[in-house]
There are 2 protein chains.
Amino acid sequence: MPGTTATTQPAPGAAGLRERKKQRTRDALTRAAMELFTTRGFERTTVDEIAESVEVSQRTFFRYFSNKEQAALAVEELIEGHFLAALRERPATEPPLEALRNALLGTWDDVNTAIHEVVPLDLYMRMYQVIETTPALLAARMRRQAETEQRISAEIARREGLDPAVDLRPRVLVAAFGGVIRAASGYWGKCADDSVEQMRRSVADHLNTLGAALIGGWRTQDT
Amino acid sequence: MPGTTATTQPAPGAAGLRERKKQRTRDALTRAAMELFTTRGFERTTVDEIAESVEVSQRTFFRYFSNKEQAALAVEELIEGHFLAALRERPATEPPLEALRNALLGTWDDVNTAIHEVVPLDLYMRMYQVIETTPALLAARMRRQAETEQRISAEIARREGLDPAVDLRPRVLVAAFGGVIRAASGYWGKCADDSVEQMRRSVADHLNTLGAALIGGWRTQDT
DNA sequence: TTGTCAAATGTCAGCCACTGACATAATCTC
DNA sequence: GAGATTATGTCAGTGGCTGACATTTGACAA
């Protein structure tokens, strides 16, 4: 297999040639996949076609992606990875919802540039539409999101010094947070020509609404 | 295809012989599938094996279930169907979260008997474990849950006279509600010998917690 | 009962996602 | 440059899923 190069963490600057080559084929594969998915549709694109267009064997494709869906969701995975990293670096003094909010809005630009290193933005936007209308992709996405929410909850619980097995508040908060994101991006997806900047504002607004209901610290003793 | 007999709505008493036969094979298939999945595991069970154990062709299996996952999630689908029906019948005077809560707790027993008409309860409980540990099933489940949450949000919005495209509160509330359910059932799944009754209590408790933050009506003018 | 229609099932051929095993070729390390 | 690592190609095979068509089975009326 192509070593365990996490999709979310491209090697810093210049690792060995081998690593750089792997990163290139991975990017080429995701890009080719997205290109094909957006033109021909997800199910009407075969893995062989993707592999062929990068001049790589089908087997190699499956060494980079455990399945066809993963290639389609590579960018979203990248985004969530960035978000999680940002969250971990929020100062411990911020109350939960504020940390989530700031992590999201604070890395918005970083994320955009990171995406752009792999695919042009409009390709990603078209891909977004395909995902929204392809059952297999929706399922795969939901699953990943559930996993991510799990990790986020764990991080929130850690920050607040709670036992996530007992106290459900982190989970509930994150579920609500996720709900806002999903609702907002669902809305965004429908207005085809909305800019990314607009979405940022939209999300920010909705998060404010949520805040009214859930904001505030949970710590028993305050520092 | 075997007509559009909704899985969630078994014919009342005695429809034609044809209908009854269909229902019987459908139940037999789900039961056989669950039996095999719980003993052999999901991926190590082939559709041919399921079909064969009911003495039906593989093709017929796929006329009842659009894919292997659906057979594994048939019971959960049944449950969510019941819940949604119950929600629609809650009096319009109840505020949102209370309606959700009452719909859930009020149909608990109905649901249990409905399940029992198809499979023994302990089989369902074992199946629950399998789902929790099988990626493909988690993905399929998440997807269905997302769809259900969507429908629930729509119903809440309707009750409250809100436009779901504009006002995100229904979505957020339902997301939080779903988060509680998922967290509670996740917890339930881990304590192998917990009774269903215990879970009912657990869910009820956690919903109370949530209530403190979100309960109350949203209507602009109260009746 | 019987004839007719519609719906359910079986059979068969085929596509495609995905995997294990082994051979080959490209980097890395010294 | 030799030898250890690691990525890639090739090949054969399994299994999910579908379309097409023939066959059976229950529904309904004459």
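Any value given below was found using the heavy atoms of this structure, including those in side chains, with hydrogens, waters and symmetry copies removed. Sequence lines set the chain letters: A, B, ... in the order given, protein chains first and strands last, and positions in each chain run from 1.
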Interatomic distance where [atom1] belongs to [X] and [atom2] belongs to [N] [whole Å]:
X     : N      : atom1 : atom2 : answer
B:K22 : D:dT25 : NZ    : C1'   : 13 Å
A:R40 : C:dC16 : CZ    : P     : 11 Å
A:E49 : C:dC15 : CD    : P     : 14 Å
A:E52 : D:dG9  : CD    : P     : 12 Å

Pick out which of A:E149, A:E80, A:E69, A:Q70 makes a side chain to side chain donor-acceptor pair (under 3.5 Å) with A:R144. A:E80
Name the one of B:E147, B:E77, B:E132 that satisfies salt bridge (charged side-chain N to carboxylate O under 4.0 Å, His left out) with B:R141? B:E132
Heavy-atom protein contacts under 4.0 Å, nucleotides 14-24 of chain D, coded B base, S sugar-phosphate only, - none: -SSBBBB----
Across nucleotides 25-30 of chain C, 5' to 3', mark each nucleotide with B, S or - according to how protein heavy atoms within less than 4.0 Å reach it. -BBS--
Just by distance, with hydrogens left out, do B:R182 and B:Q145 show a side-chain donor and acceptor under 3.5 Å apart? yes
Kindly indicate, with the supporting measurements, whether the criterion side-chain contact (heavy atoms from CB on, under 4.5 Å) is fulfilled by A:L138 and A:T134. CA-CA 6 Å; A:L138 285 176; A:T134 306; over 6 Å; no
Can you tell me how far apart CZ (A:R200) and CG (A:D109) are? Round to the nearest 0.5 Å. 6.0 Å
Heavy-atom count check: over 12 atoms from other residues, nucleotides or ligands less than 6.0 Å from B:E197 CD? yes
Check this for me, if you would: do A:E35 and A:R31 make a salt bridge, where the nitrogen-to-carboxylate-oxygen distance has to be below 4.0 angstrom? yes
Does the distance from a Lys or Arg side-chain N to an Asp or Glu carboxylate O, for A:E49 and A:R40, drop under 4.0 Å? yes
Hey, is the side chain of A:T60 poking within less than 4.0 Å of OP1 or OP2 on D:dT8, counting only N and O atoms? no
